[in-house]
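A quick write-up on the structure given underneath.
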Amino acid sequence: MDLPRVNEPRRSRLRADGGDEGFDVAREIFEQEDTIFANESLLEIDHVPSADRIVGRDDEIRMLAEELRSAVNGHSPENVIIYGKTGTGKSLVSRHVTSRAKELAKDGVSIGTAYVDCSTHSTETQAVSTLARHYNEPNVTQLRVPETGLSTAAYYERLWTVLDLQYDVVIIILDEADLMTDDSILMKLSRAGESGSTSCRIGVIAISNKIEWADDLNERVKSSLQPKEMAFQPYDATQLERIMENRTDAFQSGVLTSDVIPLCAAFAAQDFGDARKAIDILRHSGNLAYKQDAEQVTETHVREARTEAEKDRFKELIEGVPQQAKAVLLALSILTNNSAQEEFATQLVYRQYSNICKTIELDTLSERRFRDILKEQAFLGLIDIQKENRGRSGGINLLNRLVEDSEIVYEILIDDNRFTELDDNLDQRRVQDW
DNA sequence: CATCCACCGGAAAGATGGGGCT
DNA sequence: AGCCCCATCTTTCCGGTGGATG
């Protein structure tokens with residue numbers, strides 16, 4: 001077992017011992033002139049470019065503005081559901097249009113805007129709490145909105161009070177609304193006016209990556225929301241190029257070789273026209289060039305960056321997962337490493353998982369819970385699950401397969417303190433298990 | 001072609017722990 | 001302090017599933 005550690009490069013660079021000849025290493029790094037980037041923040045994910053830098057979404061902006069037009073006059077805006085693949089400019093356009101609406105509101109009309117990321121605030125309570133806290137100006141309202149601890153109803157109460165005191169109209173963006181565990185917040189927001197909870201007009205922009213989401217919405221929700229639906233198409237390669245062209249001032253002049261942007265665009269276009277990915281690759285390319293002390297960013301950097309961007313995302317995904325889920329993934333990666341197969345029946349994985357838990361004295365979960373964890377990982381895209389029916393001699397089975405290379409998964413997981421001791425034990429164990 | 005295997009997944013409720021309110 | 005609310009993770013129980021099998 002002498003695979004290279006995934007973390008090794010970083011670790012060795014950070015190590016305090018050996019190698020330095022007494023000068024101030026940290027200072028050397030910090031004071032180093034950035035020869036590649038002029039303003040890296042232009043390439044950050046949530047950077048909202050100014051209006052003239054938004055590419056190829058004029059129609060979408062126009063349509064959305066149309067739906068929100070009444071807001072600037074102090075009337076109720078339409079509710080909107082926007083769907084489209086990731087990186088097609090959904091949140092960008094929403095943020096842009098709402099902030100323009102706020103700026104261009106007629107005299108005497110005060111518009112509030114809010115942006116809620118439902119992937120991190122996935123329950124009704126969290127979302128309302130976030131909203132109330134976002135809008136609340138303690139000086140004006142004399143209210144405090146705690147992060148947790150209140151009942152959902154209490155959060156709504158505060159939200160209504162805050163809105164009444166401060167705004168005529170608010171426009172609320174619910175990003176990744178499909179990740180919401182239930183849709184009652186949509187109901188409550190759209191009913192708030194008619195039920196007399198607040199006199200503030202409320203418009204909701206719900207953004208979803210899944211096209212089916214709008215169809216799955218509860219009929220009751222749909223009828224009270226009466227949403228207008230908009231679909232965003234993926235960017236084509238030309239648009240992606242222009243998007244990146246617009247951000248070249250993130251780099252020092254002359255650093256980008258001519259084929260860098262077209263190549264980033266081509267890669268991203270392959271991946272469903274995802275602008276976020278295009279910019280990710282561009283940023284990674286720059287970072288690579290910087291690390292290698294290159295004078296220019298070249299095609300080679302881009303190709304390398306593409307795989308690196310993918311791995312980064314993947315590593316973050318695994319590291320962010322709870323302990324038990326890691327044990328489950330570890331079980332699956334060990335099985336895959338030690339067998340010609342790639343798919344394993346749930347029962348088999350469960351046995352391997354139980355072994356792991358016993359060895360490191362981690363609580364062994366019930367099989368039922370274990371199945372749920374597998375399913376959660378499948379939802380994250382780490383595992384692929386196939387259904388199989390062995391009929392009378394085995395009933396229904398799920399076959400679980402790691403999406404990524406099992407050796408890499410194993411290396412990432414074994415770095416977790418809790419599991420490292422396993423690494424040493426494993427060589428002997430493996431012989432008897434297999 | 002009805003049966004039946006044994007695994008799947010929904011429902012409900014318990015445990016734990018974070019926090020606010022009066 | 002004592003009570004309430006919520007989120008998250010977990011267990012227990014049990015009806016559902018659907019193609020290989022005889």
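Order of the sequence lines fixes the chain letters, A, B, ..., with proteins taken first and strands second; residue numbering starts at 1 for each chain.
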Length of the [atom1]-[atom2] vector between [X] and [N], whole Å:
X	N	atom1	atom2	result
A:D372	C:dT12	CG	P	14 Å
A:D363	B:dT16	CG	C1'	13 Å
A:I396	B:dT3	CD1	C1'	15 Å

Query - Any donor-acceptor N/O pair under 3.5 Å between B:dG20 base and A:R144 side chain - result: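 Such a pair does not exist between side chain and base.
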Query raised in the report: So does A:R392 reach the base of C:dG19 with its side chain, donor to acceptor, closer than 3.5 Å?
Result: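 By the distance-only test, no, there is no pair.
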Query raised in the report: For A:K222, does the NZ atom have more than 12 heavy-atom neighbours from other residues, nucleotides or ligands under 6.0 Å away?
Result: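 More than 12 within 6.0 Å, yes.
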Query raised in the report: Taking OP1 and OP2 of C:dC5, is either one under 4.0 Å from a side-chain nitrogen or oxygen of A:T148?
Result: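 A:T148 to C:dC5 OP1/OP2: no side-chain N or O under 4.0 Å.
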Report task. Respond yes when some side-chain nitrogen or oxygen of A:R390 is under 4.0 Å from OP1 or OP2 of C:dA20, and no when none is. Result ->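 Answer is no, no contact under 4.0 Å.
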Query - Polar contact flag, side-chain donor to acceptor under 3.5 angstrom, A:Y290-A:D34 - result: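 There is no such pair between these side chains.
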Report task. Could you tell me whether the side chains of A:S129 and A:R133 share a donor-acceptor contact shorter than 3.5 Å? Result ->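 Side chains of A:S129 and A:R133: pair found under 3.5 Å.
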Report task. Identify whether any heavy atom of A:S122 sits under 4.0 Å from a base atom; if not, whether one sits that close to sugar-phosphate; answer base, sugar-phosphate or nothing. Result ->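 Nothing: the residue A:S122, judged by heavy atoms under 4.0 Å, touches no strand.
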**Report entry** CA sep, side-chain torsions, deciding dist, call: A:R369, A:E376, salt bridge (charged side-chain N to carboxylate O under 4.0 Å, His left out)
**Finding:** CA-CA 11 Å; A:R369 176 66 187 137; A:E376 284 162 23; 3.2 Å; yes
